[in-house]
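Report on the following structure.
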Amino acid sequence: MAKKVIAPKKRELGKSYDPSLFENEVYQFWESSGCFEASDTNKKGQQSFCIMIPPPNVTGALHMGHALTNTIQDILIRWRRMKGDNALWMPGTDHAGIATQMVVERELAKKGVEEKGQPITRYDLGRKAFLEKVWEWKRDHGNKITHQLKKMGSSFDWSRERFTMDEGFTQAVREAFVRLYEEGLIYRGEKIINWDVKAQTALSDLEVVPTERKSTIWDIQYAVVDDEGNEVDFLTVATTRPETLLGDTAVAVDPEDERYQAFIGKKVKLPLLGKLIPVVADDYVERDFGTGVVKITPAHDFNDFEVGLRHQLPIVSVMGKDGKITAAGGPYVGLDFKVARERILQDLKESGALLRSKEHKNMVGISQRSDTVVEPMISKQWFVKIDSLAKPAIEAVETGKIEFRPKTWEKTYFEWMYNIRDWCISRQLWWGHQIPAWYCGRCQEMTVARKDPEECPVCKAPTSEMKQDEDVLDTWFSSGLWPMGTLGWPEKTQALKTFYPTAILETGFDIIFFWVARMIMMGLHFTGEVPFKKVYLHAMVRDEHGKKMSKSKGNVIDPLTVVSEYGADALRFTLAIMAGQGRDVKLSLDRVAGYRAFCNKVWNATKYFHLKWKELGFDQEPKGGLDSWVHSNRTNFSVTNRWILSRLQDTIEKVNRGLSDFELNLSSQSLYDFVWGEFCDWYLEFSKISFQKEEQEAKETLWVLRYVLEQVLILLHPIVPHVTEELWQSLPWIKCAENTKGQEVMTLMLQQFPEHQGTWKDAEAEKTMSSLKSAVEAIRAFRGENRISPKKEFQVNFIPSNSATQDFIKLYEKDILTLCRVSSLNQLEEGVEATSEEAVIPLSQPAIEFRIPLKGLVDLDEESKRLKKEIEKVTGDLKHVQKKLSKESFIAKAPAELVAREKEKEKAFMSQLKELEGALGRLSQ
RNA sequence: UGGCUCGUAGCUCAGCGGGAGAGCACCACCUUGACAUGGUGGGGGUCGCUGGUUCAAUCCCAGUCGAGCCAACCA
């Protein structure tokens, strides 16, 4: 009984290339055929190959950055799958704490205004009800981006799709947190952190974007007092934040600064508050900046905090989380920061302590999320002790267990890792993984546990007495577990065994610290193994002039619009060929249109095959199958057939190399050049001539054409999957392949990707073809430059320089006649002088001279112009070669082979020049 | 202040030791039986600048100018 074959519905090939007519259908076929699915176990001798999607935010909509990263990953996955690997591309999304919470809060507020005339806040709903709303939102809108990814042709294993807050992942997060806590690597502490006043949460260093702002720097006088409290002198401090003065607990000077030596250890009186604070000496102070005296506010500045620690200074918090001055601020209590600043400046001015102000540019921390100024503050938060995690993560890259491409990013990685600071992981949000710590209301003890406790493990108080910590974890804490968590960790699953460590991580360089470094640290810590062996970092997509795409600039190009206008394949090809290493990808729609034209070219080449196949009526493939026929007979093929197979091998080599070295531009460019420049421009043209010859040659050519065409479709498939699948399905003699469930599927997706065969390289055929092309191009150039209509046929005579070239012309007479639209090729006797009625076209490779009767064909002035131009060019070439050869040092030191080659060139140029000059002389007689 | 990347045709970029290429744009001719999303031919470049190494430099080295990223403790 024949096995059931999964195959798409047969469709007629459309008249012209229109991706909108088949891309969706092709994708649906793939998805339903089970070809995207990987197997938890490798077949015998099979390797696994896994790439994890960098999980996009559930709130996200597909942008060009996604399109780029997913195109690259899909190309790699499809390639390895076709190479026979058990290839898993894991899809999923990230819960994206702040981003998602803010989206839902905005929606709530809007709804409130519409229905009741005032916004609803999350506090109105309460935590539980609010979270339900977020989950609801996720259910309704969270699939948007995954649907969009399908439009790009992404071959994700959708059966494994994950979410960073699904049940299994939540378990993984808890396990990781509790283990780190038990190992003493997570602690709760009161430290200075970045506080987002608007979002009302702590942020990690990375979420704060330093932004240059115009501001003012003020000089403020602090009185120096003696032991009795008398004002004996003054110190002038410079500050951009006068309102923090309320929390000053010292002023600092450079220990080496002779101006202030006498003041070190003395006390100064804090203006407005009158508090006495010490003058300390610290290296942190730059004597040449400002006045060389710095006010120290440990509670509201990271550097001051450090200085405070070094000098055991008290920490006075004067600003609250609500953005208002605290009781410690004395008379200013309750004022908003900005208001307080104005009041304080006013008061300082009145007291005469404010000496001067000037304009100043400085860097201010802005929240990545809420776009507001971030305030450093003292707060009780959860931290990950990072040093012991960082060490092995650094080593993994140093020893090459993980390699970055482009390699230069390793430097960036090291720089950050060497200076890494403890990671603040608690966020005062509701949406996220709530910290698994409980506080007992009876005994006040804290319990950190994998499962919600049923009673207090210390005093046995019932669960009702246990209150869970209200904070949630930084989103990046969970995404740091992505490669392990999605494969089932902490369970020892078969998937984890098969696919971990994963092969490649492909992402943008902007999240090296946020994500890549954290995955490496977490992965190594929890599994003892690296999470991935290679990190590929792609460039940023910008507009065609290199500007960042942004809504406000109005230069955003929406991938889905591009897909509907040009097709997913054209966009994918564009992104692949532009994904050079390291820098920007400047996307222009002209470029996309160009690659749509390329797809069209492939489309039409296939149509050409069908036309000829039908016309010639060779219904059967060779006995034993086409592939093995080509393999065993190729050395006897015609020159053009051997040539195209030789060039195909060269292309296969480059495509594979590009894909293994993360140089997709090389793979794409070599395919473009081969398919358009060699296969279509030359091979198909030659085939038209072969098809007119006797059956044997016609058949051979049709088969080779069919063979090369399929190889082209296979090679192109990872980059432009839709059009190649659609075309491949139309070919005769295609074969099924097995998916991971053992089902037979008729699909290009699972056809074997070729390895390059060095022995197929045919130098002789390549040389012959290059001669033939030169001859054809010379005659075409003559036509073009003399503005002879393409329709006009004319006669060409030739003088071969030896018997080999004579045979050459005889052999390819028909090809030259056809490709140049020449009426006849006639051999002239050697040594026959050219007349003034003939154009002379001397060639060196092949060594031949064409003579073209000019009568009635060409304006003599035009021909004279052509000759002069040609003479100028050859003269230049000759001069250059002669200059080189005239140097003794060149003859002596350059490789002999090169010297010989240059001498050959000289000879050829001289003889060409002689002929051309002769012709010009006759013409002007 | 450090680190990195990039300056090649009008535009976007390949090439990276033996006299520069592509796509788009431009000009001319052409609706020929795969393709006008096409064909053929053509114009256009002191390969940022200055030195050095070399028989030979767009390519390697040093410096310099310009553009852009990233990390930073200059209040």
Side-chain angles (χ1 to χ4, degrees), chain A residues 15-18 210 217 237-241 244 251-252 283-286 288-297 301-304 306-307 360 362-363 406 408-409 411-412 415-416 419 509-510 512-513 539-540 542 544-546 566 570 577-578 580-588 590-591 593-612 615 665-666 669 672-673 676-677 680-681 684-685 688 777 780-792 819-821 869 876-877 880-881 883-884 887-895 898-899 901-902:
Chain A
K15 278 205 166 53
S16 61
Y17 171 64
D18 183 352
I217 187 163
V237 303
T239 182
T240 51
R241 301 212 52 193
T244 65
V251 296
D283 284 337
Y284 155 67
V285 180
E286 297 284 329
D288 299 327
F289 187 86
T291 59
V293 186
V294 188
K295 60 193 259 334
I296 302 297
T297 322
D301 184 286
F302 281 86
N303 298 306
D304 292 6
E306 298 292 324
V307 174
H360 180 69
N362 71 338
M363 300 299 255
T408 169
W409 289 112
K411 209 165 186 170
T412 309
E415 204 175 313
W416 190 68
N419 300 307
F509 56 78
D510 51 330
I512 291 179
F513 308 141
M540 287 300 204
R542 295 167 186 280
E544 60 192 309
H545 305 295
Y566 302 88
I577 209 162
M578 306 214 60
Q581 299 203 350
R583 51 176 119 159
D584 305 334
V585 171
K586 290 174 197 163
L587 189 74
S588 93
D590 283 348
R591 210 69 199 258
Y595 297 119
R596 179 184 56 185
F598 175 72
C599 293
N600 179 58
K601 195 76 183 169
V602 181
W603 187 274
N604 282 297
T606 308
K607 262 179 56 189
Y608 170 76
F609 163 77
H610 279 286
L611 200 80
K612 291 297 165 184
E615 201 175 293
N665 52 328
L666 173 67
Q669 189 66 52
Y672 185 95
D673 293 342
W676 202 316
C680 290
D681 284 353
L684 294 189
E685 293 308 318
K688 289 173 187 172
E777 280 165 344
R780 281 177 178 171
F782 167 81
R783 181 194 288 277
E785 290 186 49
N786 282 300
R787 285 155 222 256
I788 301 166
S789 156
K791 279 186 289 194
K792 173 99 180 159
L819 295 176
C820 301
R821 286 216 148 210
K869 206 177 93 186
D877 289 348
H880 178 248
V881 171
K883 191 178 156 200
K884 225 176 196 181
K887 279 168 94 172
E888 269 174 48
S889 52
F890 175 74
I891 309 284
K893 293 193 179 172
L898 183 75
V899 177
R901 218 185 320 148
E902 294 294 317

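Below, read A as the first sequence line, B as the second, and so on, with proteins coming before strands; counting in each chain starts at 1. Note: hydrogens, waters and symmetry copies are ignored here, and every other heavy atom, side chains too, is used. Small disclaimer: the values here were computed from a predicted structure and weren't measured.
Comparing A:Cys680 and A:Gly784 by the nucleotide of RNA chain B that holds the closest heavy atom to each, the one mapping nearer the 5' end is A:Cys680. Nearest-nucleotide mapping onto RNA chain B: of A:Asp590 and A:Lys295, the residue sitting toward the 5' end is A:Asp590.
Taking atom CD on A:Glu902 and atom C1' on B:C55, their separation rounds to 12 Å, with Å as the unit. Spacing between atom CZ of A:Arg596 and atom C1' of B:C24 amounts to 14 Å, rounded to whole angstrom units. Put simply, CZ on A:Phe513 is 11 Å from C1' on B:A72, counting in whole angstrom units. Nucleotide B:U32 holds its C1' atom 12 Å from the CZ atom of A:Arg780, rounded to whole Å. Remark: P of B:A28 and CZ of A:Arg787 are 9 Å apart, rounded to the nearest angstrom. Between the CH2 atom of A:Trp676 and the P atom of B:G21 there is a distance of 21 Å, rounded to whole Å. Rounded to whole Å, atom P of B:C74 lies 16 Å from atom CG of A:Asp283. Here the C1' atom of nucleotide B:C74 and the CZ atom of A:Phe289 are 5 Å apart, to the nearest Å.
In terms of phosphate contacts, A:Trp416 brings no side-chain nitrogen or oxygen within less than 4.0 Å of OP1 or OP2 of B:C4. OP1 and OP2 of B:U5 both lie 4.0 Å or more from every side-chain N or O belonging to A:Lys411. Checking the phosphate oxygens (OP1, OP2) of B:A34, no side-chain nitrogen or oxygen of A:Lys601 falls inside 4.0 Å.
Between A:Gln669 and A:Asp673, the side chains place a donor N or O and an acceptor N or O closer than 3.5 Å (distance only, hydrogens not considered).
Which of B:G18, B:G43, B:G33 sits closest to the side chain of A:Lys884 comes down to B:G18. Side-chain proximity of A:Ser889 to B:G33, B:C55, B:U31: nearest is B:C55.
Taking atom C1' on both nucleotides, B:C74 is separated from B:A22 by 49 Å, rounded to a whole Å.
A perpendicular orientation is assigned to the rings of A:Phe289 and A:His360, their planes being inclined by more than 60° (bins at 30° and 60°).
Taking the ring centroids of A:Tyr566 and A:Tyr595, they lie at or beyond the 6.0 Å cut-off.
A:Asp510 comes within 4.0 angstrom of nothing in the nucleic acid, heavy atoms only.
A donor and an acceptor atom never sit less than 3.5 Å apart when one is taken from the side chain of A:Lys607 and the other from the base of B:C35.
Under the 4.5 Å side-chain criterion, counting only non-hydrogen atoms from C-beta, A:Ile577 is not in contact with A:Phe598.
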